[in-house]
Number of protein chains: 2
Amino acid sequence: MVFCKREQRRDDACPIRRFKKNGRVNVAEREAHLLDIAEQVVEQYGFAGLTMDKIVNRCAYSKGTVYNHFSSKEDLITALCIRAMRTEMGYLNRALAFEGSSRERALAGHFAYQLYARLHPTLFMCVLSAKTPAVVEKTSPARMVQMQQLEQDILSLSTSLMQAAIAAGDLTVPAGVSPQQLMFAHWATAFGTSALLSAEASSNLKELDREQASLFNINLLLDGMGWRPLSGEHDYREVWHRIGQTLFKQELERLNSPQHAQENAR
Amino acid sequence: MVFCKREQRRDDACPIRRFKKNGRVNVAEREAHLLDIAEQVVEQYGFAGLTMDKIVNRCAYSKGTVYNHFSSKEDLITALCIRAMRTEMGYLNRALAFEGSSRERALAGHFAYQLYARLHPTLFMCVLSAKTPAVVEKTSPARMVQMQQLEQDILSLSTSLMQAAIAAGDLTVPAGVSPQQLMFAHWATAFGTSALLSAEASSNLKELDREQASLFNINLLLDGMGWRPLSGEHDYREVWHRIGQTLFKQELERLNSPQHAQENAR
DNA sequence: GAGTATGATTGACGATTCGTCAACTTGACG
DNA sequence: CGTCAAGTTGACGAATCGTCAATCATACTC
């Protein structure tokens with residue numbers, strides 16, 4: 001209420017207009033800008049304080065134009081979720097570059113996922129929110145399929161890691177088990193772990209070593225699959241650490257900097 | 001829109017009044033009744049269609065009284081989440097009665113969780129929603145601690161299962177690993193699996209054997225922990241089936257009856 | 001049994017927020 | 001310059017939220 005005077009204007013409403021230049025305005029670019037603003041608003045006011053009016057007042061466009069991009073507030077949240085998943089996929093792609101055994105590379109994938117969840121807590125919360133019925137019910141069908149497509153892409157990307165492991169003989173799929181089944185186990189573990197770590201930021205996880213929880217859970221899963229070398233035969237904590245240092249040094253520094261802690265406080 | 005005419009009244013507002021009888025009205029009972037109504041409304045209109053006015057119109061109390069119970073719509077959703085967790089705990093308690101090895105009993109616990117998620121999809125969605133920031137932010141502090149307390153209770157209950165396994169020598173906790181860490185792995189796996197199975201009802205899980213997915217994921221986890229007897233040494237599909245037949249026969253029948261399918265359609 | 005204090009209950013109401021749409025603006029084209 | 005399609009606008013109606021001054025039921029006092 002104290003900050004951001006721009007909220008108050010009502011009569012001095014902004015006369016700036018951005019009509020199509022060079023024959024056509026870049027729709028995707030504008031949508032990205034609107035999502036930037038949405039993120040800022042959430043950052044500042046929380047999800048409960050996210051309103052379309054706040055977004056309209058902060059951008060150079062009118063309500064009608066904003067609604068031209070997003071059919072409803074929930075549609076916008078799903079759009080944020082899609083942005084989150086794109087970000088996630090970016091990290092995931094970088095993880096693929098890690099050199100090592102198949103299991104180490106899988107670990108790199110999970111490292112990427114977990115890092116993204118910690119680095120962009122707001123975006124990750126969008127993914128959680130977008131799985132909520134209240135949001136799903138009001139999301140436009142078009143965006144819904146877009147999200148499912150992207151999810152599918154991420155799953156394929158991860159599946160390729162697993163296929164490589166099978167080909168290399170590090171992982172054996174038991175008879176009667178589909179690769180989908182294995183993939184789903186990965187997904188469920190990664191999602192469950194990150195979701196709970198984010199959502200239960202306070203409360204019931206006080207005595208948990210959050211830093212290691214992801215690695216621990218993933219290792220249990222991979223051991224359960226018999227993905228060699230097993231965690232008893234190899235020091236995966238060292239690998240986990242090395243993944244961070246090799247692929248995500250900058251991001252980890254940002255995560256540990258006091259500045260980032262400040263950004264995410266309150 | 002066609003159903004439930006009671007929605008429309010406005011002038012003929014209900015004059016029924018339920019003042020305290022015998023000196024004191026039963027607050028808890030009334031709250032339960034309001035939650036019943038809330039569930040019905042969600043069932044009928046979806047989460048997006050849940051409004052306080054609909055609830056007020058369906059009960060014998062005024063808006064003010066309803067708001068005396070729930071400080072906001074989100075507070076009510078969290079209350080539904082608490083109800084969901086109570087239900088869950090009920091199933092869990094029944095699961096404890098299963099006779100068998102420690103791992104079989106743990107499996108019974110997971111069976112209970114998974115069954116509850118499938119049997120009460122709406123309630124389970126409340127749990128998902130209640131982890132969402134938009135809801136958390138508007139939930140009353142009192143109810144928040146109530147939920148955390150209940151969550152804690154459920155965790156303790158589950159931990160007792162694990163402790164028994166350790167005592168029996170079926171499960172060995174590696175050096176440097178806390179029981180909390182193991183418990184969290186259970187929680188994350190169970191939550192992740194059920195949440196994705198519920199939320200991705202359509203879309204990206206088409207080719208998955210949903211029936212067996214829970215058991216499969218849990219078995220991977222338990223094998224990873226080295227919880228004996230391992231799944232290679234024992235037919236846990238049979239056990240899974242037996243758990244259902246022994247402890248939850250009625251519920252399973254209800255789940256498979258065409259009537260239930262109808263209830264949950266559209 | 002009349003009077004009164006207490007606390008629960010009520011529903012009309014102000015405030016927000018959502019999403020729409022008729023009117024308007026712009027640039028392209030003939 | 002007139003016209004047209006496409007894009008933009010913001011005032012507005014509708015829906016919903018949450019509040020609160022007035023009202024009512026009960027218990028208690030005298």
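Order of the sequence lines sets the chain letters (A, B, ...), proteins ahead of strands, with each chain counted from 1.
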**Q** Would you please test A:His186 and A:Tyr113 for side chain to side chain contact (heavy atoms under 4.5 Å, CB included) and show each step?
**A** CA-CA 11 Å; A:His186 276 272; A:Tyr113 187 75; over 6 Å; no
**Q** Given atom CD of A:Glu74 and atom P of C:dG19, what is their separation to the nearest angstrom?
**A** 6 Å
**Q** Can you say whether the rings of B:Trp187 and B:Phe184 are parallel (under 30°), tilted (30 to 60°) or perpendicular (over 60°)?
**A** perpendicular
**Q** D:dA11 C1' sits how many Å from A:Asp53 CG, rounded?
**A** 12 Å
**Q** Taking side chain to side chain contact (heavy atoms under 4.5 Å, CB included) as the criterion, tell me which of B:Val135, B:Val127, B:Leu128 meets it with B:Cys81.
**A**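 Of the listed options, the one satisfying the test is B:Val127.
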**Q** Decide yes or no on side chain to side chain contact (heavy atoms under 4.5 Å, CB included) for B:Thr78 and B:Glu74, but give the supporting numbers first.
**A** CA-CA 6 Å; B:Thr78 303; B:Glu74 286 75 15; 5.5 Å; no
**Q** Strictly below 4.0 Å: does A:Ser62 bring a side-chain N or O up to OP1 or OP2 of D:dT8?
**A** no
**Q** Could you state the NZ-P distance from A:Lys63 to D:dG13, rounded to the nearest angstrom?
**A**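 Spelled out: NZ on A:Lys63 to P on D:dG13 is 14 Å.
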**Q** Could you tell me how far apart B:Tyr61 (OH) and D:dT23 (P) are, to the nearest whole angstrom?
**A** 24 Å
**Q** Could you state the atom-to-atom distance from CG of A:Asn57 to C1' of C:dT17 in whole Å?
**A** 12 Å
**Q** CG of B:Leu34 versus P of C:dT9: gap in Å, rounded?
**A**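 After rounding, the reported distance stands at 11 Å.
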**Q** Just to confirm, is there a sub-4.0 Å distance from OP1 or OP2 of D:dC17 to any side-chain nitrogen or oxygen of B:Lys73?
**A**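 Checking B:Lys73 against D:dC17: at least one side-chain N or O falls below 4.0 Å of OP1 or OP2.
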**Q** Tell me: CD1 of A:Ile55 to P of C:dT17, nearest whole Å?
**A**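 My rounded result for the distance is 12 Å.
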**Q** For B:Arg30 and C:dA8, is the shortest distance between a side-chain N/O and OP1 or OP2 below 4.0 Å?
**A**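 For C:dA8, neither OP1 nor OP2 has a side-chain N or O of B:Arg30 closer than 4.0 Å.
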**Q** Figure out the OH/C1' separation between A:Tyr67 and D:dG13, and round it to whole Å.
**A** 14 Å
**Q** 5'-most contact on DNA chain C: A:Ala48 or A:Gly64, nearest heavy atom basis?
**A**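 Comparing both residues, the 5'-ward one is A:Ala48.
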**Q** Categorize B:Ser72 for me: base, sugar-phosphate, or nothing, with a 4.0 angstrom heavy-atom threshold over every strand shown.
**A**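 Contact class for B:Ser72: sugar-phosphate only.
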**Q** Students often get this wrong, so: under 4.0 angstrom with heavy atoms, is B:Thr51 touching a base, only sugar-phosphate, or nothing?
**A**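 The residue B:Thr51 makes sugar-phosphate contact but no base contact.
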**Q** What is the ring orientation for B:Phe124 with B:Tyr116, classed by angle as parallel under 30°, tilted 30 to 60°, or perpendicular over 60°?
**A**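 Judged by the thresholds at 30° and 60°, the geometry between B:Phe124 and B:Tyr116 is perpendicular.
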**Q** Please state whether the phosphate of D:dG18, meaning OP1 or OP2, lies under 4.0 angstrom from any side-chain nitrogen or oxygen of B:Lys138.
**A**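 Yes, such a contact exists.
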